[in-house]
Each structure stands twice: as C-alpha cells, then as structure tokens.
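Here the structure is a predicted model, which is why all the values come from computation and not from measurement.
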Amino acid sequence: MSGCCKHCGSNSIVHDDISANLFCSSCGLVSEFDGYDAQIGGLNGPEGTFVRVGTSGTGTQYSYKESKIYNAQNLIDDIVYKFALSPSKCSDIKTMIAQITENEFGQGDWFPILIGACAYIVMRKDNKSLPIAEVASVVGCDIYELGRMFVRVVDFLGLKGSKEFPEFDIVVAFERAVRNCGKFSGLGRDVVERMRKQGVFLIQCAVQWFLTTGRKPLPVVAAVLVLVAELNEVDLRIEDVAPEVHAAVSTCRSRYKELLESLVKVAQVLPWGKDVTVKNVVRNAPFVIQYMERKSMGKRGEKRKGIEEEEEKGGGIDLGDAVTECLRKNVELGTSGNSVENDSLYFKAEENRGFVRSGGESFDQMKISHECLSLMYTEFLNEMGHEKFMEGSGEVPQRKGMRGFEFLACRDWWEGKSELSKKLLLKQILEKDVGLDALPPSFVNGCKVYKRRKEKINAAKLRINRIKHPLGTDLVESGDIGLSECVNAGKKRKGKRVKDIDWEDFIIEALLLHEVKEEEIEKGHYNTLLDLHVFNGGILPEVPVWKA
C-alpha cells in the first residue's frame, strides 16, 4: 500500500500486519486510524460495523415512505385513543385519510389537524356529535384552523348536503354532557334519567324558540344543564359546566338568561303570570314546564272549549296541582296540619262566585275559571302580606318550621309523557305548541340595531343641516325627538348634555358628508365604507359657509 506521508511527503506508506496500522518507512510516522472497510456486493452485500441509513435494526430495512406511513398510523392511534373511540372508528379514520392523501399519509403540523377533522366527520356520520371545540383542544390547534380543514375535507369527499352526513345534533351533545358531568356521578340512575328527559324537553323547546339559530350549540347545552340541575336540587354552576363542554362562560350566561326570559313569557298565561320575573322564574319553573308539557301534547291552533275537554286532550295545566301546591299554606309557610283545612281558606271566593264544591266531587272534576283562580291568588297574596306585617310587628311568633318554597313539594310535577321528551326531527319540533311563538333573538337584536342606526343617521342629518342652514327655522320638526335634543340640549341642564355623541355618530356624519347611501350605512360596515369613500381618494363635498 502506498500513500503520501504528511510529515516528510514521501510515498513510502506501508501497512503493519501485526498492529494493522499504517506508518511511513522513511520517517517512521504512524498515520491516523482509518477503519473504513469497503463493502463488496453493493447494498445486498455483507453488513459491516456501521448500520446503513434507512434501517431500523438488525434484519429490517424501511424506506422513507414506509417509515412515514408507520409514524403517521401511530399518530392516528394516539389521537383516536384520546377521543375514546372504538377500533372500528379508528379504521374508518385511517381509510378516510388514506383516500384523501392517496395512501401517502403525511407528516408535519398539518397532519394532526387532518386527523381531528376526519375524526369529527366520522362521528358526525355515525350520529354521535363530537364537539369541534373538544377536537381542537385534543389536537392542540385553533378551532378556526380546524374548521377550515373540516370544510376542505367535506368538499373533497362531497359530503356537503349528503344524507350520510347529518347536521350537528344538539340533543346528542346534551346527553353526552349529562353522561360526562362529574357532579352527576353520585346521583341515582332514576334521577339522572329524569334530568336527561327534562333537559331533552327544554333543549327542543329552545330549538323551537330559535335560541340555537345562528349560535354555537354548546352554550345552550350548558344553560339547560344548569337549569335542570337546579330544578332537581343539584349544586351545579355555569363556571363548572362551561369548561366541560368547551364553551365560554359569558356566552353560557347569555344563553341561560335568554332561556329564563323565554320561560317568563310562557308563564304569562298562568293566573299569577304577571308576578313571574327572571329572578323568581326558577321557583315557578315546575308549573311552567308542566303547562308546556301538557300544551305540547295537544294540537297546535286548537281552541279552548272547556276544562274537561282540555284535560282529556292533555292541552292544559292541572289546576288541582297548581292550586294545591302553589296556594297551599304549608308550602310557603312550612306549617303542618290538614291541607284541606288550609285550602278551604282560599276557596271562599269559589263559593261567592257560585262554584260550590260537593263532598263527593273530586278536585280534578271542578270547573274553575281563570278569573276565579286569579281572585283566589289575590286573596292569598293579601293574607300573606298581612301575615308578614303581623310578624314584623311582633304580634305573631315566628314559626319554627318556616322555610321558603322547596322543589321537594313538587316532586310529581314532571310526567315525561310529552313527545318532546324524546329526540324528534326539526319538522316535528316546530309542529309542537309549547305556549310560545317567539322570533329568533338574533333577528330581534338585529332589528333593534338597525333601528338605532337609523335614529343616529337622522340625528346626524339634522346636525349637518343645522350647520348648513343655521337660520332655517323650518327644519325643526315638532315631532322629531333627535332634533329637539340637539337644539335644546344646552338649555335643559348646564354643563350636561341630554344625549352624548360618540365615535359612531362622527363616522356616520363623515359618511353622510361623502354622500354614502343611508341603506349602506344602516348595515354597519363602517370600516369598509370608510376605506371606499373616505380614505380611498374621496373628496369631501364643499359645505356652504354662512356669512353674517
């Protein structure tokens, strides 16, 4: 073997058979170790000391594509395991990903998002709605990024509008929330089942009241879950439910308030409905829900012909239960004794109006008008006020058993016979009558916003006209509130304005001066209108200057 010596530069490099080293025969310098052993036979030849690139161990060899597919399938198994899905669902997800990627699978930050989107679609196709917010939290991505991937997958597979791909089912989401709620783990099965039926009933009533139209469904699920828990005396707060269903606390509170407001509107048909407010509607919720349940069992548009016919058809409230449970003294005051003796105090009005109760006649067969029941309730309130006054003056000793209204006194208010307690189609839900025909809150709020913007536009036009024509007395209309506020604002109170002008008013004035149509301003797209008409080379029209 010959080579060049780095010390003397001669070509007298030889190999020592004993030490297996190279040294220079001229100067005796030992060369550096060179253990390279050339392989004979190419890739299929005998293996040397070092493992070749592309192998994962002795006796195995994977290419880049095989390694990529292997790692991708492991990642799919890990993510699906977090969702607690069955092996068949995992196989469906792998098949869908293979169809989308043409059996190439993939790697990188986008691949887990694709897995989450496919898992969400597979669960939707199986009528088991998996919240997309939960998928985003498991995958570790933004919900909007996951939504964009979901839309792309749906368009690629042609699932949009297909019968095999149903819409998000809010009833299934509520039932899933009931099963996964930690506060319900210590309750009995019958209690949880009753709460589930009550929640399904309220969820479908909320759908009929359009509380879910144009909104995220999970906050409505949280609101109904909290209300049902409160009706069954289970301590559950919105702050505890919102993280479990992956919804914002503020949004859940808004949906809860809207649900209570809807119940208040339904309660107005009751004899004491004018006294029901958002603050006390939960106490009256058993009677309101009982009325809704009985009403839903009748036909929509059916007119009231009589108490007996309505009781047979299931379209009215059980007046016996309502009077016995709501007007009875031992419910409000906690007194003990014969309920018949206590109830007799409130049926004097019945005798005065000619409705005499016979001894053998049952309470359910009595014909009591709403006017009579309202009068009885008025007498009840008067007596209650007198009792409180006497207790405050010290003349009547306070009862030891006094307590507030308890739901335990109304355990039998829920029957569960309505079809709304079961999962129904949207068409069937809309055909039911639950005592309230409401408009979508989003539509109502939008109309209010449009009306407010229109008033601001009219007020801005009046302010502009005042500057253009300061002496024009004919511009002041007696019926226009906005102009009178602008003209007389400084005369009513010194240093205070009746109506403040904010940034929106200044923007509307600028758009009006640039001759933007009022219909476009009412839509509220101020940034777009400013870019088009004000900041994009728009020229402010000349305003005439008044000279004295």
Side-chain angles (χ1 to χ4, degrees), residues 170-171 173-175 177-209 211 219-242 244-245 252-253 255-270 272-273 275-297 317-318 321-322 324-326 328 331-332 403-418 420-422 434-436:
I170 189 173
V171 175
F174 174 79
E175 293 176 345
V178 172
R179 292 193 302 268
N180 297 336
C181 184
K183 293 284 186 177
F184 299 162
S185 59
L187 302 178
R189 291 185 178 180
D190 54 343
V191 178
V192 176
E193 180 64 18
R194 183 173 69 248
M195 294 173 62
R196 186 193 67 82
K197 290 184 177 180
Q198 294 172 0
V200 171
F201 179 84
L202 292 175
I203 280 285
Q204 298 189 120
C205 289
V207 172
Q208 189 184 79
W209 296 334
L211 298 182
V220 180
V221 171
V224 173
L225 194 62
V226 171
L227 179 59
V228 170
E230 192 170 359
L231 292 177
N232 291 270
E233 297 182 331
V234 178
D235 186 14
L236 186 64
R237 295 184 178 182
I238 294 181
E239 292 79 3
D240 302 330
V241 180
E244 293 183 0
V245 299
C252 295
R253 288 175 178 171
R255 299 293 93 81
Y256 183 75
K257 182 180 179 181
E258 292 176 356
L259 182 61
L260 295 184
E261 291 175 351
S262 300
L263 293 177
V264 170
K265 294 178 182 178
V266 176
Q268 299 306 308
V269 300
L270 300 178
W272 59 90
D275 299 325
V276 179
T277 60
V278 177
K279 295 182 179 180
N280 61 8
V281 69
V282 179
R283 289 173 171 250
N284 296 271
F287 303 106
V288 178
I289 296 177
Q290 185 183 22
Y291 167 77
M292 292 165 54
E293 186 182 11
R294 297 289 184 87
K295 191 76 173 177
S296 64
M297 290 189 288
I317 187 172
D318 191 347
D321 292 343
T324 304
E325 298 294 339
C326 183
R328 192 169 52 188
V331 174
E332 292 289 345
R403 61 182 184 272
F405 178 83
E406 296 181 359
F407 293 111
L408 294 176
C410 302
R411 284 187 178 273
D412 299 333
W413 60 268
W414 173 255
E415 296 181 0
K417 297 180 180 180
S418 175
L420 288 176
S421 302
K422 305 176 183 178
V434 292
L436 177 63

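For Glu175 and Arg196, the salt-bridge test passes: some basic side-chain N is under 4.0 Å from an acidic carboxylate O. A salt bridge between Lys183 and Glu244 is absent, with no side-chain N of the basic residue lying under 4.0 Å from a carboxylate O of the acidic one.
The backbone N or O of Asp275 sits less than 3.5 Å from a side-chain atom of Asn280, completing a donor-acceptor pair. At distances below 3.5 Å, not a single donor-acceptor pair connects side-chain atoms of Asn180 with backbone N or O atoms of Ala177. Glu293 contributes a side-chain N or O that, together with a main-chain N or O of Lys417, makes up a donor-acceptor pair within less than 3.5 Å.
To the nearest 0.5 Å, atom CD of residue Gln290 and atom NZ of residue Lys295 are 14.0 Å apart. With values rounded to the nearest 0.5 angstrom, Glu415 atom CD is found 12.0 Å from Lys197 atom NZ. Rounded to the nearest 0.5 Å, atoms CG (Asn284) and OG1 (Thr277) are 8.5 Å apart.
In this structure, Phe174 has no ring pair (Phe, Tyr, Trp, His ring centres under 6.0 Å) partners at least two apart in sequence or on a different chain.
Of all non-hydrogen atoms in Cys252 and Ala223, the two that sit nearest each other are O-CB, 4.1 Å. Listed here is the closest heavy atom pair of Arg194 and Trp414: CG-CD1, 3.7 Å. Looking at every heavy atom in both residues, Phe184 comes nearest to Val178 through CD1-O, 3.7 Å. Across Val241 and Leu225, no two heavy atoms sit closer than the pair CG1-CD2, 3.8 Å. Taking each heavy atom of Ala285 and Leu231 in turn, the nearest pair found is CB-CD2, 3.5 Å. A pairwise comparison of heavy atoms in Val200 and Ser421 identifies CG1-O, 3.6 Å as the closest pair.
Here the side chains of Leu202 and Leu420 are not in contact, with every heavy-atom distance at 4.5 Å or above. At a threshold of 4.5 Å between non-hydrogen side-chain atoms, the residues Leu270 and Val276 do not count as touching. Proximity of Gln204 to Val171: side-chain heavy atoms (C-beta onward) are separated by under 4.5 Å at one or more points. Proximity of Met195 to Asn232: side-chain heavy atoms (C-beta onward) are separated by under 4.5 Å at one or more points. Counting only heavy atoms from C-beta outward, the side chains of Phe201 and Val224 never approach each other to under 4.5 Å.
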Next item on the list: Could you walk me through whether Glu239 and Arg253 pass the salt bridge (Lys or Arg N to Asp or Glu O under 4.0 Å) test, one step at a time?
Entry: CA-CA 9 Å; Glu239 292 79 3; Arg253 288 175 178 171; 2.3 Å; yes
Next item on the list: Show the numbers, then the answer: is there a side chain to side chain contact (heavy atoms under 4.5 Å, CB included) between Val220 and Tyr256?
Entry: CA-CA 7 Å; Val220 180; Tyr256 183 75; over 6 Å; no
Would you give me the side-chain donor-acceptor pairs under 3.5 Å for residues 257-265, sequence neighbours excluded?
residue	atom	partner	partner atom	Å
Glu258	OE1	Arg215	NH1	2.9
Glu258	OE1	Arg255	NE	3.2
Glu258	OE2	Arg215	NH2	3.1
Glu258	OE2	Arg255	NH2	3.4
Ser262	OG	Glu258	O	3.0

